[in-house]
There are 2 protein chains.
Amino acid sequence: MEQPFDVFSANCPSRAAWEHVTGRWGALVLGALADGPMRFGAVRRAVGGVSDRMLSQTLQALERDGLVHREDHGTNPPHVEYSVTPAGRRVADSVVALVETIHDVMPTVMSARAGA
Amino acid sequence: MEQPFDVFSANCPSRAAWEHVTGRWGALVLGALADGPMRFGAVRRAVGGVSDRMLSQTLQALERDGLVHREDHGTNPPHVEYSVTPAGRRVADSVVALVETIHDVMPTVMSARAGA
DNA sequence: CAGCATCCTTATCGATACTG
DNA sequence: CAGTATCGATAAGGATGCTG
């Protein structure tokens with residue numbers, strides 16, 4: 001027995017984690033961090049189009065879910081490093097695989113959109 | 001040579017496909033259809049919390065992207081079957097893998113949320 | 001059954017300004 | 001640098017009612 005979790009159920013706690021990960025910026029942030037620890041500004045540059053506000057919120061949600069680790073060096077000027085936790089790495093790897101799959105099928109998507 | 005596509009770029013056409021797939025319902029619908037062709041009502045029951053309206057929009061976006069195939073039997077009462085296309089199957093498989101990863105790490109997420 | 005049209009509420013997000 | 005606070009526009013989404 002096991003896995004009492006089911007993202008297809010609206011009220012399962014895994015649904016919230018699912019939405020943090022697959023939300024507008026969650027997966028992209030995780031994908032960026034999959035390459036290694038990065039500072040706030042580096043993540044912002046890596047993820048095209050994200051604002052300070054959204055990045056901050058996204059990182060906080062992922063940190064609360066234990067998928068991202070936040071390391072504040074407490075210096076001035078501030079120096080904070082974000083990285084994936086072991087659990088976060090597993091999720092990030094799956095996200096990266098999904099990104100690659102999307103890239104792979106893009107030619108098909110483009111011709112479908114064109115009204116192939 | 002190639003992969004001119006990059007979801008990390010805000011203006012890449014793959015970003016739109018990415019958002020259709022990782023949007024609130026996209027991945028869940030794809031995940032449901034990964035099990036085989038389903039009728040509209042069956043998908044709605046499979047994906048907890050989705051409304052007619054959102055399901056309809058989501059299916060249309062995925063169909064436009066060539067990831068989902070819509071087969072209207074033209075009968076009365078209506079009988080419409082949705083299925084993944086070959087490209088959609090690849091994406092759906094990646095989505096299912098992500099779902100499973102999320103389920104796997106849920107115990108970790110739960111304890112992180114509890115303030116482990 | 002498989003949807004679409006309409007309305008309306010809510011949540012998301014971006015811009016801007018500010019702080020230690 | 002690494003954020004937070006506030007505001008306002010916009011879009012997402014739910015409820016309801018209707019159709020062939």
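Within every chain, numbering begins at 1; the chains are lettered A, B, ... in the order of the sequence lines, protein sequences first and strands thereafter. The figures that follow rest on heavy atoms only: side chains count, while hydrogens, waters and symmetry mates do not.
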Next item on the list: Please report, rounded to the nearest Å, how far the C1' atom of C:dA2 is from the OH atom of B:Tyr82.
Entry: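 Atom OH in B:Tyr82 sits about 7 Å away from atom C1' in C:dA2.
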Check: Within this structure, what is the NE2-to-C1' distance between A:His73 and D:dC1, rounded to whole angstrom?
Finding: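 Distance check: A:His73 NE2 to D:dC1 C1' gives 13 Å.
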Note to self: From the set D:dA2, C:dA2, D:dA15, return the single nucleotide nearest to any side-chain atom of B:Arg53.
What the structure shows: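 Ranking D:dA2, C:dA2, D:dA15 by closest atom to the B:Arg53 side chain puts D:dA15 first.
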Notebook entry, point to check: Ignoring hydrogens and geometry, is there a side-chain-to-backbone donor-acceptor pair from A:Ser111 to A:Thr108 under 3.5 Å?
Noted result: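 Indeed, once roles are kept as given, a pair shorter than 3.5 Å links the two residues.
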Next item on the list: Could you tell me whether a side-chain N or O of B:Ser9 sits under 3.5 Å from a main-chain N or O of B:Cys12, the two making a donor and an acceptor?
Entry: no
Note to self: Rounded to whole Å, please give me the gap between CG in A:Leu59 and P in D:dA2.
What the structure shows: 11 Å
Checklist line | Donor + acceptor pair across side chains of A:Glu71, A:His69 (<3.5 Å) | finding: yes
Margin query: Is there a side-chain contact between B:Ser56 and the phosphate of C:dC4, meaning an N or O under 4.0 Å from OP1 or OP2?
Written below: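 Affirmative; the distance criterion is met.
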Next item on the list: Over 60° means perpendicular and under 30° means parallel, so classify the ring planes of B:Tyr82 and B:Phe40, tilted if in between.
Entry: tilted
Notebook entry, point to check: Counting any heavy atom closer than 4.0 Å, what does A:Arg70 reach on the DNA or RNA strands: base, sugar-phosphate only, or nothing?
Noted result: sugar-phosphate
Notebook entry, point to check: Think B:Gln60 has a side-chain N or O under 4.0 angstrom from the OP1 or OP2 of C:dC4?
Noted result: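 So the side chain of B:Gln60 is within the cut-off, an N or O lying under 4.0 Å from OP1 or OP2 of C:dC4.
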Margin query: Classify B:Arg24 by what it touches in the nucleic acid, base, sugar-phosphate, or nothing, heavy-atom distance under 4.0 Å.
Written below: sugar-phosphate
Notebook entry, point to check: Once you round it to whole Å, what is the distance between P of C:dG3 and CZ of B:Arg45?
Noted result: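 Going from B:Arg45 (CZ) to C:dG3 (P), I get 13 Å.
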Check: Could you give the CZ-to-C1' distance, from A:Arg15 to D:dG13, as a whole number of Å?
Finding: 14 Å
Notebook entry, point to check: Pick the nucleotide of DNA chain C nearest each of A:Gly49 and B:Gly41; which residue has the one closer to the 5' end?
Noted result: B:Gly41
Next item on the list: Could you state the atom-to-atom distance from CZ of A:Arg44 to P of D:dA2 in whole Å?
Entry: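 So the two atoms are 8 Å apart, to the nearest Å.
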Margin query: In whole Å, I'd like the distance from the CE atom of B:Met54 to the C1' atom of D:dT16.
Written below: 14 Å
Next item on the list: Just call it for B:Asn76: base, sugar-phosphate, or nothing, with non-hydrogen atoms closer than 4.0 Å on any strand.
Entry: nothing
Check: Considering only D:dC1, D:dG14, C:dG3, which nucleotide approaches the side chain of B:Val80 most closely?
Finding: C:dG3
Checklist line | B:Val68 and its side-chain contact (heavy atoms from CB on, under 4.5 Å) partner, picked from B:Thr58, B:Val91, B:Leu33 | finding: B:Leu33
Item checked: Whole-Å distance separating the CG atom of B:Asp52 from the P atom of C:dC1 ->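 Taking atom P of C:dC1 as the reference, CG of B:Asp52 is at 11 Å.
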Check: Which part of the nucleic acid does B:Glu81 contact within heavy-atom distance under 4.0 Å: base, sugar-phosphate only, or nothing?
Finding: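 Answer is nothing: B:Glu81 stays at 4.0 Å or more from every strand.
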